[in-house]
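Notes follow the structure.
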Amino acid sequence: MLGKETIKRNLTRIDVSASSCNELFEKMNQVFLDGGYVNEKYLPTIEERESKYPTALPVEPDPIAIPHTEADAIITPFIAPVRLATTIPWGDMSDPTNTLQVKLVFMLGFNEPGAHIELLQILMHNFSRPDWVNTLYSAKTEDEFYQAVMDMDWSHD
């Protein structure tokens, strides 16, 4: 199973300016490439996958996106927590005809089928915890944001 070590401090970002998910993907693609996390397949495959299978979750208190791509684009598994400067429109995973306003994005990079299932369940459990989500919004620095992410409840239903 993948665990806490998958959440990368060096990939954690706050107040990222982007007007669309594709603009965010372009910005983070360079970070991932420079860090050796992804290969050249990453950007085109995540954009294509997102267009077909949107990844914004309609969770309360606020929608959160979990974009991911095919395993062959990933070199080293990661979760990159990103807080955007402002909300952007993102396709709803449960209803692709619907658009949600997203400010929190957990960019997922997994290269082994099934290894991430429990970690995904832990994230989903926390996404519906308003107290935890609020700590993500109130973090003033990337270090605080990363620590808030790491302070999530590491169990699931």
Side-chain angles (χ1 to χ4, degrees), residues 1-59 62-128 132-133 136 142 145-146 149-150 152-157:
M1 181 195 110
L2 298 171
K4 279 186 179 187
E5 75 286 348
T6 312
I7 301 172
K8 305 297 184 188
R9 169 59 189 96
N10 63 322
L11 301 180
T12 301
R13 298 289 186 275
I14 64 169
D15 302 329
V16 175
S17 294
S19 59
S20 67
C21 60
N22 282 349
E23 185 178 349
L24 176 63
F25 297 157
E26 289 168 19
K27 287 182 176 192
M28 292 304 292
N29 178 60
Q30 196 57 54
V31 173
F32 299 153
L33 280 169
D34 291 348
Y37 290 94
V38 302
N39 61 36
E40 69 287 343
K41 294 179 184 178
Y42 180 78
L43 185 59
T45 58
I46 197 166
E47 289 176 338
E48 180 182 352
R49 191 176 196 292
E50 189 68 37
S51 71
K52 292 179 182 174
Y53 308 104
T55 59
L57 300 163
V59 292
D62 297 301
I64 297 175
I66 55 166
H68 48 284
T69 190
E70 305 309 319
D72 66 351
I74 307 302
I75 297 168
T76 302
F78 66 87
I79 295 175
V82 176
R83 186 179 73 200
L84 297 163
T86 59
T87 61
I88 61 172
W90 206 294
D92 182 340
M93 182 184 284
S94 64
D95 177 4
T97 64
N98 190 32
T99 301
L100 301 171
Q101 292 299 311
V102 168
K103 191 170 182 175
L104 293 173
V105 182
F106 283 71
M107 299 186 73
L108 311 177
F110 301 126
N111 59 5
E112 288 183 43
H116 64 287
I117 300 299
E118 188 170 358
L119 188 53
L120 206 48
Q121 290 171 330
I122 290 167
L123 288 171
M124 297 294 291
H125 164 75
N126 284 279
F127 290 165
S128 61
W132 180 72
V133 172
L136 301 179
E142 286 181 352
F145 184 65
Y146 174 75
V149 171
M150 296 303 283
M152 75 174 80
D153 180 359
W154 286 90
S155 62
H156 58 86
D157 300 328

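Distance check, rounded to the nearest 0.5 Å: CG of N29 to CG of D34 gives 9.0 Å. Taking CD of E142 as the reference point, atom CG of N10 lies at 10.5 Å (rounded to 0.5 Å). Distance check: M107 CE to T69 OG1 gives 10.0 Å after rounding to the nearest 0.5 Å. Note: I117 CD1 to I122 CD1 = 12.0 Å, rounded to the nearest 0.5 Å. To the nearest 0.5 Å, atoms OG1 (T45) and NE2 (H68) are separated by 11.0 Å. A distance of 13.0 Å separates CD in E23 from CE in M28, rounded to the nearest 0.5 Å.
Between L84 and V105, the closest side-chain pair of non-hydrogen atoms falls below 4.5 Å. V16 places a side-chain heavy atom less than 4.5 Å from the side chain of K27. Here the side chains of P63 and W90 are not in contact, with every heavy-atom distance at 4.5 Å or above.
Counting only distance, with no hydrogens or angles, the side chain of R83 and the backbone of L136 share a donor-acceptor pair below 3.5 Å.
Summarising the geometry of K52 relative to E48, their closest heavy-atom pair is NZ-OE2, 2.9 Å, with the distance given to 0.1 Å. The minimum heavy-atom distance linking A56 with V102 is given by the pair CB-CG2, 3.9 Å. Across all their heavy atoms, C21 and I88 have their closest contact at N-CD1, 3.7 Å. Residues P89 and T99 approach most closely at CB-CG2, 3.5 Å, considering heavy atoms.
Using a 4.0 Å cut-off between charged nitrogen and carboxylate oxygen, K41 and D72 count as a salt-bridge pair.
Shown here are the side chain to side chain contact (heavy atoms under 4.5 Å, CB included) partners of T86, two or more places apart in sequence or in another chain: there are none. Residues meeting the ring-ring contact (aromatic ring centres under 6.0 Å, His included) test with F78, sequence neighbours left out: F32, Y37. Annotation: side chain to side chain contact (heavy atoms under 4.5 Å, CB included) contacts of P96 (sequence neighbours excluded): P54. Take R13 and apply the salt bridge (Lys or Arg N to Asp or Glu O under 4.0 Å) test, not counting sequence neighbours, and it matches no residue. Every residue two or more places apart in sequence or in another chain that forms a side-chain hydrogen bond (donor to acceptor under 3.5 Å, both in side chains) with T87 is listed here: Q101. Listed by chain and number, the residues in a side chain to side chain contact (heavy atoms under 4.5 Å, CB included) with I7 are I79, P81, Y146, V149, M150, M152, W154 (sequence neighbours excluded).
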message = Determine whether M124 and Q121 satisfy the following criterion, side-chain contact (heavy atoms from CB on, under 4.5 Å), listing intermediate values before the conclusion.
response = CA-CA 5 Å; M124 297 294 291; Q121 290 171 330; 5.7 Å; no

ask   = Yes or no on side-chain contact (heavy atoms from CB on, under 4.5 Å) for W132 and D153, after CA distance, side-chain angles and deciding distance?
value = CA-CA 9 Å; W132 180 72; D153 180 359; over 6 Å; no

key: Derivation and outcome, side-chain contact (heavy atoms from CB on, under 4.5 Å), residues L108 and L120   = CA-CA 9 Å; L108 311 177; L120 206 48; 3.7 Å; yes

inquiry  = The test is side-chain contact (heavy atoms from CB on, under 4.5 Å); show your working for I75 and Y42 and say whether it passes.
reply    = CA-CA 10 Å; I75 297 168; Y42 180 78; over 6 Å; no

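At a cut-off of 3.5 Å, with distance as the only test, no side-chain donor of E26 or N22 sits close to an acceptor on the other residue.
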